[in-house]
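Structure record follows, encoded as structure tokens.
For this chain, numbers begin at 1 and follow the sequence in order. All values reported here derive from a predicted model rather than from experimental measurement.
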Amino acid sequence: MKIEFEQQIIEFHVAFGPRKKMSIQMDPTGLITVKAPNGTCDDKVMSAVKQHGKRILEQLDAIAKTREAPKTKEYQDKGKFLLLGEYHFLHELIETKDLNEEELKRELKKFYFSSCKKIVQERMKIYQKQLKVKPKTMDIVESSTKWGSCSSDKHLTFNYRLAMAPMEVIDYVIIHELCHLTHMNHDRSFWRRVGSVMPDYKEKEAFLARYGQAMTL
């Protein structure tokens, strides 16, 4: 959903559930989620977002300025890196003691490869059962153009940088590639299959298009 506030557009996702109160959350990349009780009407949701519109725009502006800053990563204890959509200090992810910059870069990349493999393997088990499919093999790779791929011989690959994304975005890429096991093209049948498991998949695609560049070393 989206609203106009002070001549700016605020886009947000609504997650309904068995809760009593409404809350608005923003992740470090600027993705806004409104968590609302089941049955809440759209007008009430949009009213709540407008009520906090000024604060939301201030936060989005701060995030935008961060993205405009030099993209040189700080390979030291105070350097911050994404994991599952949240920023962590480097020393929270890997052992940093007595390592020089090149060693830190190497160890951090190894951490992301292993983390991504573990996450993808665990989440794939869930969606394989739902979709009733099974790939022959799965690998974690480095790619500057693709988040995932599926070959004609049912070999799946996933970009190690996915470990930096929120879990629901990782889930989308996994679902996308698993659906290619039965639909190799991006035809209507393919998207219907994706949507049957993740109805809001377009929001996940938009997230990757908007924030994918921030998920890098």
Side-chain angles (χ1 to χ4, degrees), residues 11-17 25-35 63 67 73 80-90 92-94 107-151 154-184 186 190-217:
E11 296 184 14
F12 56 93
H13 166 63
V14 184
F16 294 100
Q25 299 178 353
M26 184 186 299
D27 73 10
T29 60
L31 184 68
I32 302 168
T33 300
V34 179
K35 295 187 176 181
I63 291 171
R67 289 203 300 269
K73 297 289 185 179
K80 288 187 176 181
F81 296 84
L82 281 167
L83 178 65
L84 294 178
E86 295 185 359
Y87 281 100
H88 298 264
F89 289 115
L90 182 60
E92 295 176 325
L93 303 179
I94 62 171
E107 289 303 309
L108 186 58
K109 182 173 284 191
K110 285 169 59 178
F111 167 80
Y112 277 117
F113 264 87
S114 62
S115 296
C116 188
K117 184 174 184 178
K118 181 180 179 181
I119 294 166
V120 170
Q121 285 177 333
E122 290 176 352
R123 305 302 286 178
M124 272 184 61
K125 291 177 184 177
I126 298 171
Y127 296 111
Q128 281 180 203
K129 291 181 180 178
Q130 290 188 39
L131 293 164
K132 295 181 173 59
V133 295
K134 186 177 181 180
K136 285 186 178 179
T137 57
M138 186 278 288
D139 284 325
I140 305 301
V141 300
E142 181 172 2
S143 173
S144 60
T145 58
K146 293 182 178 181
W147 294 106
S149 68
C150 174
S151 68
K154 298 185 177 182
H155 172 65
L156 303 188
T157 64
F158 295 93
N159 193 325
Y160 81 93
R161 295 188 292 123
L162 268 179
M164 303 178 193
M167 186 65 79
E168 62 268 22
V169 175
I170 299 174
D171 284 349
Y172 161 66
V173 177
I174 292 172
I175 292 166
H176 186 114
E177 301 310 330
L178 287 176
C179 285
H180 274 316
L181 294 174
T182 50
H183 302 281
M184 285 302 296
H186 290 101
F190 169 80
W191 290 115
R192 278 199 297 268
R193 192 64 175 137
V194 173
S196 70
V197 181
M198 181 172 279
D200 61 349
Y201 69 86
K202 288 185 178 180
E203 294 181 7
K204 310 304 184 289
E205 283 194 319
F207 179 95
L208 288 171
R210 185 175 181 182
Y211 302 113
Q213 290 185 339
M215 296 187 291
T216 186
L217 293 183

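I126 meets the side chain to side chain contact (heavy atoms under 4.5 Å, CB included) test with R123, Q130; sequence neighbours excluded. Under the side chain to side chain contact (heavy atoms under 4.5 Å, CB included) criterion, S151 pairs with D153, H155, sequence neighbours left out. Looking at residues two or more places apart in sequence or on another chain, you find a side chain to side chain contact (heavy atoms under 4.5 Å, CB included) between Q128 and M124, K134, P135, L178. Remark: Y112 pairs with no residue by the ring pair (Phe, Tyr, Trp, His ring centres under 6.0 Å) rule, at least two apart or across chains. Every residue meeting the side chain to side chain donor-acceptor pair (under 3.5 Å) condition with K109, not counting sequence neighbours, appears here in chain and number order: E142. A search for salt bridge (Lys or Arg N to Asp or Glu O under 4.0 Å) contacts involving E11 returns nothing, not counting sequence neighbours. Applying the ring pair (Phe, Tyr, Trp, His ring centres under 6.0 Å) test to Y160 and every residue at least two apart in sequence or in another chain returns F113. For E107, the salt bridge (Lys or Arg N to Asp or Glu O under 4.0 Å) test picks out K110, with sequence neighbours left out. Residues satisfying the side chain to side chain donor-acceptor pair (under 3.5 Å) criterion with E168, sequence neighbours excluded, are absent altogether. For H183, the ring pair (Phe, Tyr, Trp, His ring centres under 6.0 Å) test picks out no residue, with sequence neighbours left out. S114 meets the side chain to side chain contact (heavy atoms under 4.5 Å, CB included) test with no other residue; sequence neighbours excluded. Evaluation of the ring pair (Phe, Tyr, Trp, His ring centres under 6.0 Å) rule for Y201 yields W191 as partners, not counting sequence neighbours.
Taking each heavy atom of I174 and Y127 in turn, the nearest pair found is CG2-CD1, 4.3 Å.
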Any chance you could lay out the side chain to side chain contact (heavy atoms under 4.5 Å, CB included) test for V14 and F16, step after step, and finish with the verdict?
CA-CA 6 Å; V14 184; F16 294 100; 3.5 Å; yes
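Within the 4.5 Å cutoff, the side chain of H186 has heavy atoms near those of the H176 side chain.
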